[in-house]
Number of protein chains: 4
Amino acid sequence: MSSTAKSGRQPVASKKATASKTGKTAKPGVREQNAQATRDSILRAATKVFAKHGYDGGSVEKISTAAKSYDRMIYYYFGSKEGLYIEVLEGIYRRMNEAESRLALDVAQPLEALRAVIRFVLDYYRKHPEFITLLNTENLHKGKHIAKSLRAREYSSPAIAILGEIMQNGVAQKLFRDDLQTRDVYLLIASLGYFYLSNRYTLSAFLGDNLEAPDALAHWEGFVLDTVLRTVTR
Amino acid sequence: MSSTAKSGRQPVASKKATASKTGKTAKPGVREQNAQATRDSILRAATKVFAKHGYDGGSVEKISTAAKSYDRMIYYYFGSKEGLYIEVLEGIYRRMNEAESRLALDVAQPLEALRAVIRFVLDYYRKHPEFITLLNTENLHKGKHIAKSLRAREYSSPAIAILGEIMQNGVAQKLFRDDLQTRDVYLLIASLGYFYLSNRYTLSAFLGDNLEAPDALAHWEGFVLDTVLRTVTR
Amino acid sequence: MSSTAKSGRQPVASKKATASKTGKTAKPGVREQNAQATRDSILRAATKVFAKHGYDGGSVEKISTAAKSYDRMIYYYFGSKEGLYIEVLEGIYRRMNEAESRLALDVAQPLEALRAVIRFVLDYYRKHPEFITLLNTENLHKGKHIAKSLRAREYSSPAIAILGEIMQNGVAQKLFRDDLQTRDVYLLIASLGYFYLSNRYTLSAFLGDNLEAPDALAHWEGFVLDTVLRTVTR
Amino acid sequence: MSSTAKSGRQPVASKKATASKTGKTAKPGVREQNAQATRDSILRAATKVFAKHGYDGGSVEKISTAAKSYDRMIYYYFGSKEGLYIEVLEGIYRRMNEAESRLALDVAQPLEALRAVIRFVLDYYRKHPEFITLLNTENLHKGKHIAKSLRAREYSSPAIAILGEIMQNGVAQKLFRDDLQTRDVYLLIASLGYFYLSNRYTLSAFLGDNLEAPDALAHWEGFVLDTVLRTVTR
DNA sequence: CATGAATGAGCTTTCATTCAT
DNA sequence: CATGAATGAAAGCTCATTCAT
């Protein structure tokens, strides 16, 4: 590379003429020497890159650069781009699940609990935009990667299970309708939380540009709370 | 004029020796010479390909092959891959808009009209899966392509406008609540119609695989109708 | 093409929706209908484009666009890109020759005549930068195109012939040395006029950036006049 | 880690079916794995190819083939075609500079030293035709690449500096005129050496074909020596 | 004659992946 | 384990040129 032209990676040579200060040139990366750290770093970088550019748009080089590592390491730790992508998917599911299980809910208070669940879902989507784009990307691919993961399936049930308990209690307390399926309520909440954020850019071209403004978000949360409760309660 | 190089019908010659890099030889060989047909064919193919593979995954070659044309023609008619993609986006918006305007609604019957709108939206999404994946793709890119289109913006208002009229009538007839924004109702309907289909593959890994089954779709439609009406009516 | 994205050529369609004011759309170019004009326009455009971008860098499309014509016309009138290039070369030689023959010299006044020739050469190079870059381009190609032109050769002798006469008179009048070849004097003048301008960009990186400033040019002209006369006179 | 995609040694598979677009298969097959050698080989090949075909005419493929390497390596080491070209320019300047600094001159003998410099310049141009065509190419591009190189600028001053010393001594010894600028003398020498060779192909079409013959070169060297000395001495 | 659509080879660049130390 | 060099296919785009009205 020339001294001034921009380029991706700086390999060897180039500035050999300039008198190097350090005799031994210990620069190249301090030799990370920490397997787990390298692995995690790649995984984190990959989550970001895939979330931003999709599967095809997320190149191995972008990831390894973002992870301050090397392409080679991706193959070393994850076997292939696809393998890495699958682990990324597993990761976002796992973290979502963990966050949900940290929710301290009193299912004996179904109204409050339901409100808390709704708020949690909306909040989680807002704070984890990568969750949304990665799921969209995976759906573009018809879920073929997640299908290859055994682990991902484990993360499914808990979310529904909690909501099921709340519903049961609500029905028992005659607060909630008894003709609703937990799954539908789950989808209702997810739909309202997800779509608003997932499609905010194209919606902006439609409706005006305020969807992400704090008051707009608050307004939407109010609407969602109202709508779900109106649907669920008797 | 030059003495040696004016004939104008020399048979190319020149670089025949060079090993040809590109394959894709032969083709029936009858120059079609039909501008509009070629253009349309490319646009149709591009819609399919981008819908299936996303922007990065949808290669120019895939498109030109599907259109039974040549890479070159894409640049001839659309200037660039991005230019083509933008026209694809404009197309799906336009068609959605046209379909909606073909809806014969009696806004004086707000309940019926609202039900019709809901059914239309759900139906349209179901019958046009490319609409969903293309919008998701565009949102992955933060709407940067649609932002470049002047045309796309025109297609926004009508959808909301119709719903607004229905709402107005409903309120006037004391059937609907008067504290709702049209926009929120629009988002409610769109969310419930969109998310269910958009995320059906990852949801399947979660909930079981029947989301696309006819009875599952019918059940969901029932739930959506019920939920929206419950939200909107007094 | 999308409405906003930039592109080279605007073919068909695009703005069909917009109500066209002129019913018959007589726009596309007024149908030039003038063979010679088209031909000349292409030739002029080609001279500019080849002068600016060289032979390989000067694409047929750039030329036809600059000429407000069509690629096809280039083949119609010139047979090939090379044919057009050869005519361009012939043109710059011819015009140089014509300009030189318009010089009204009194060879009986050899000192004055020589000064006039020098000034003419320097002036011509300065006013016709395309002459320089086209010759450089042709020399890059080892003169293989000019070799194909019968006409070009005709333009050679006059330049030397005139200088020969001046030299002869100068020698006869005992003003000039008698041991010089006309050819060498010709090369001396050409070298000093050509190199300074031809290489002004790389020289600027070397010497500072004032080579094209009026006073710098004037200074150089003075130096050249002095040097040539010093060389030629006794 | 994923259960299905971690092996890391899967034999590629995937897109085997797709008709491959690029040829250039096979190669002895023994990965060379020698960074500096590869880099140098590319740089050498690029110097030749750019010198022969210009910037636009010098394709990446021509270069990589001549270097017995791969297109990809050019981007690996030089970032882009332009980056490679800039390094090529830096190289020819550097080598010219080094050669000049190897000239053992006795500036106390200004006449001899000046003659040596002239002979060196003429000789260097003759032996390094790539120097000439590359500079011409760079000037066609208005020096925009060299302007991007920080390094290139360093190579400028020495050439002038040496000549300056000679001039100073010559003036001090009353051998040389004292009203001359070093820069002009430098340009005089360079012009006479450069133009003759740079334009030899078009000149041949003009003057006859013997410019490169040994005796023609010798004659020109004599003329240049005589002319410069005549200009410089009192 | 002029216009514009079509063609296929070529271009620069980037991709995922593997080899060598 | 880490590092970096190598590889070949494919990407998006442009080229000169020809066919069809």
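Lettering follows sequence order; numbering is per chain, from 1. If you're wondering where the values come from, they're calculated on a predicted model, not measured in any experiment.
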Quiz item: Looking for any heavy atom pair under 4.0 Å, which part of the strands does Gly57(D) touch: base, sugar-phosphate only, or nothing?
Solution: nothing
Exercise. Return yes if the base of dA2(E) and the side-chain atoms of Tyr70(C) contain a donor-acceptor N/O pair under 3.5 Å, otherwise no.
Key: no
Exercise. Specify whether Tyr55(C) and His145(C) have parallel, tilted or perpendicular ring planes, treating 30° as the upper limit for parallel and 60° as the lower limit for perpendicular.
Key: tilted
Just N and O in the side chain of [X]: are any of them under 4.0 Å from OP1 or OP2 of [N]?
X        : N       : result
Tyr77(B) : dA6(E)  : yes
Thr38(D) : dA6(F)  : yes
Tyr75(B) : dT14(F) : no

Self-check item: Base-pairing mate for dA20(F) - Watson-Crick or G-U, with both contacts under 3.5 Å
Solution: dT3(E)
Quiz item: For dA10(F), what is the paired nucleotide under Watson-Crick or G-U wobble rules, both distances under 3.5 Å?
Solution: dT13(E)
Ignoring the backbone of [X], work out which of [options] is nearest its side chain.
X        : options                  : value
Tyr76(B) : dG4(E), dG4(F), dA16(F)  : dG4(E)
Ala35(D) : dT17(F), dT3(E), dA5(F)  : dA5(F)
Lys81(C) : dA5(E), dA16(F), dC19(F) : dA16(F)
Ser59(D) : dA11(F), dC11(E), dT3(E) : dC11(E)

For the pair made of [atom1] in [X] and [atom2] in [N], what is the distance, rounded to whole Å?
X        : N       : atom1 : atom2 : value
Ile74(D) : dG8(F)  : CD1   : P     : 15 Å
Ile42(C) : dC1(E)  : CD1   : P     : 14 Å
Asp71(A) : dT7(F)  : CG    : P     : 16 Å
Lys62(D) : dG10(E) : NZ    : P     : 11 Å
Asn34(B) : dG4(E)  : CG    : C1'   : 12 Å
Glu61(B) : dG8(E)  : CD    : C1'   : 13 Å
Lys68(B) : dT7(E)  : NZ    : C1'   : 18 Å
Arg72(C) : dA5(E)  : CZ    : C1'   : 12 Å

Exercise. Would you indicate whether Lys48(A), at its atom NZ, is surrounded by more than 12 heavy atoms from other residues, nucleotides or ligands within a distance under 6.0 Å?
Key: no
Quiz item: Does Met73(D) or Asp56(B) map to a spot on DNA chain F nearer the 5' end, using the closest nucleotide for each?
Solution: Met73(D)
Exercise. To the nearest 0.5 Å, tell me how far His53(D) NE2 sits from Ser59(D) OG.
Key: 8.0 Å
Quiz item: If you look at every heavy atom in Leu134(B) and Tyr85(B), which pair is closest and at what distance?
Solution: O-OH, 3.8 Å
Quiz prompt | Lys144(D) versus Glu138(D), closest heavy-atom pair with distance | solution = N-OE2, 3.4 Å
